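Predicted, not measured: the structure shown is a model, and the values here were computed from it.
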Amino acid sequence: LYPQLHVGLPAPRFADMPPGSGGRERKPVALQAALCVLCVLVGAFYPTVVDWSKTACLKTTSRAAEPAEMPETPETAEMRVQEVRTYPFSPITVVVIDDMVQAAIGMCFIAARTGLQSLWADFALVMKMAPLGAIYAVGELLTFRSVQKGSGPVYVVIANMKLVAAAVMSRAFFGKSASMPWLHWAELVLISAAAVMYTLFEAGAVGASWQWEGAWMALAKSSLVAFSSVFCEHTYKSNPFYITLTLQACWGVAMGLALVGFSFLGAWAPADAARELRDDSGAFAWFAGGPAYPLCGSVEAVACLQQLKNSAGHECHCVTKRGWDFLTGCTVMADLSNAVSSALVFKQLSAVAKYICRAASAVPMYVFYCCTGRSAWDVRTFLVVLYLCGQVGLYTWQKHHMDAAKAAPAEWVQQYRDRQTRDLEKSE
């Protein structure tokens, strides 16, 4: 191969060999293991804190059905109350504040390293990051919605579906150039089946209070992530990592504030969406707002219950608290730690190893939820989680080696030619 491609050039040295061929300096195993453990813990920590931030209780009161031979009266009517945990805050406020903090940290880092002007020096990159920042903000809102209607483990398990979505998108838009062996497609089918089985087991364990919206929102978030990886990966890889992340956070803030403005104008979301950003008196409140329901015990909630006693046909909703609390701040810090740890690990751990370790976070997360009573222990469910993590790791590893085998010859040739050209120029 080398004589045909490099006629007249000296034989390649061991140091010139492409990455993965044995010439790359390997990092200590202990360091890689520690970083992998960090990825697992951070991957489980963020959705867990988001789930634990549901410190409010949403109460839904309705009239229980009575037999036809026993006519109801306001005095004999029986009320049925259903309670579910929910956020006491408006998710969009957390997303905007989190992006603001990330953007501020990124700007400080850029100012100290290359000067703040380098952030907008490439105007084309600034514009390219606009849709990516919008996608990132919408994705975070979908994350909160998924955990709100479902749970942290369900979100983490279904998040692995981004592998399936990315493969389908690549094949649909790029045709045969993105084709894979049938074995890889079979592995993706098994990953999908494991995610569906886990979701069905959780739905059966939760019972009547289960809401499928949580699973669908997690799937929508996975599709957004897959879209970014398929169509926008080059933008992230071909530009400085810290600049792209900072621009992404800045545009995420802009997107969040735009959604807030649209909600108050009535141009986006349901009619009561803007109420999440108002306090009990109706005044605008960023930190004191919350679910678009009255507080339990308020005049509005009491009036609704009185009306429900007098006439059937509707329900009364109320929440036990509204506004930010300590765990809300912990949610912002958890998301920030997720972003910072990803940036720190980025230079030390390969993307493949990082993704495999992150997928494994579903195992300790499920065990933790069972130990704290948030989930019921089920051997079948645990085995499905173990199998899913193993299958994701196997697919990711095999796909990485297949892509590396395709790209290595051309990449090595270009690197080798560039090196020989520089050597010849120095000799002249």
Side-chain angles (χ1 to χ4, degrees), residues 50-63 79-99 137-151 155 209-218 220-221 252-253 255-308 311 313-329 331-332 335:
V50 172
D51 200 357
W52 249 252
S53 67
K54 296 190 292 186
T55 56
C57 181
L58 173 61
K59 297 183 178 181
T60 302
T61 306
S62 59
R63 293 179 69 164
M79 299 299 165
R80 180 175 58 236
V81 180
Q82 182 181 7
E83 299 181 357
V84 294
R85 294 185 303 113
T86 190
Y87 303 128
F89 54 85
S90 175
I92 198 168
T93 61
V94 176
V95 171
V96 172
I97 294 298
D98 178 53
D99 285 346
V138 173
E140 288 300 296
L141 290 174
L142 290 176
T143 297
F144 276 94
R145 188 68 175 179
S146 173
V147 177
Q148 179 183 14
K149 297 299 183 179
S151 66
Y155 167 76
S209 61
W210 171 262
Q211 300 185 58
W212 280 100
E213 184 181 353
W216 291 120
M217 291 298 102
K221 169 64 181 296
V253 173
M255 180 63 177
L257 295 178
L259 292 178
V260 170
F262 291 152
S263 65
F264 276 94
L265 294 175
W268 171 78
D272 61 349
R275 185 175 176 180
E276 292 188 356
L277 298 176
R278 298 185 184 277
D279 59 16
D280 300 328
S281 63
F284 177 81
W286 188 267
F287 297 102
Y293 301 107
L295 287 172
C296 298
S298 64
V299 175
E300 185 178 351
V302 172
C304 181
L305 291 175
Q306 187 61 40
Q307 183 181 0
L308 182 62
S311 62
H314 73 284
E315 297 178 335
C316 293
H317 304 275
C318 67
V319 290
T320 55
K321 61 184 294 187
R322 302 179 77 226
W324 281 41
D325 56 15
F326 174 74
L327 286 178
T328 309
T331 300
V332 176
D335 192 17

In terms of heavy-atom contacts, E300 and P294 come closest through OE1-CB, 3.8 Å
Please walk me through it: do L141 and R145 pass side chain to side chain contact (heavy atoms under 4.5 Å, CB included)?
CA-CA 6 Å; L141 290 174; R145 188 68 175 179; over 6 Å; no
Please report the shortest heavy-atom distance between G139 and K221, naming the atom on each side.
O-CD, 3.2 Å
According to the salt bridge (charged side-chain N to carboxylate O under 4.0 Å, His left out) rule, which pairs have a member within residues 84-93, sequence neighbours left out?
D51-R85
All N/O donor-acceptor pairs, side-chain side in residues 92-99, below 3.5 Å, sequence neighbours left out:
unit_1 : atom_1 : unit_2 : atom_2 : d
T93    : OG1    : S90    : O      : 2.5
T93    : OG1    : W324   : NE1    : 3.2
D98    : OD2    : Q102   : NE2    : 3.1

Using modelled atom types and a 3.5 Å cut-off, is there a donor and acceptor pairing between side-chain atoms of R322 and backbone atoms of A288?
no
Distance, nearest 0.5 Å, that separates CZ of R80 from OG of S62:
4.0 Å
Give the minimum heavy-atom separation between E83 and C57, together with the two atoms involved.
CB-SG, 3.5 Å
When you measure from the side chain of S146 to the backbone N and O of T143, does any donor-acceptor pair fall under 3.5 Å?
no
All side chain to side chain donor-acceptor pair (under 3.5 Å) counterparts of Q306, not counting sequence neighbours:
none
M255 CE to E140 CD distance, which is reported to the nearest 0.5 Å:
13.0 Å
Apply side chain to side chain contact (heavy atoms under 4.5 Å, CB included) to the pair V81 and T60, showing each step before the final yes or no.
CA-CA 6 Å; V81 180; T60 302; over 6 Å; no
Any idea how F89 and Y87 line up, ring-wise: parallel (<30°), tilted (30 to 60°), or perpendicular (>60°)?
parallel
When you compare the side chain of P88 with that of D325, does any pair of heavy atoms fall below 4.5 Å?
yes
Is it true that C318 and C304 have SG atoms closer together than 2.5 Å?
no
As a test of understanding, state which of K149, K59, Q148, K54 forms a side-chain hydrogen bond (donor to acceptor under 3.5 Å, both in side chains) with T86.
Q148
Does atom CH2 (W286) have a neighbourhood of more than 12 heavy atoms from anything else shown, all under 6.0 Å?
yes
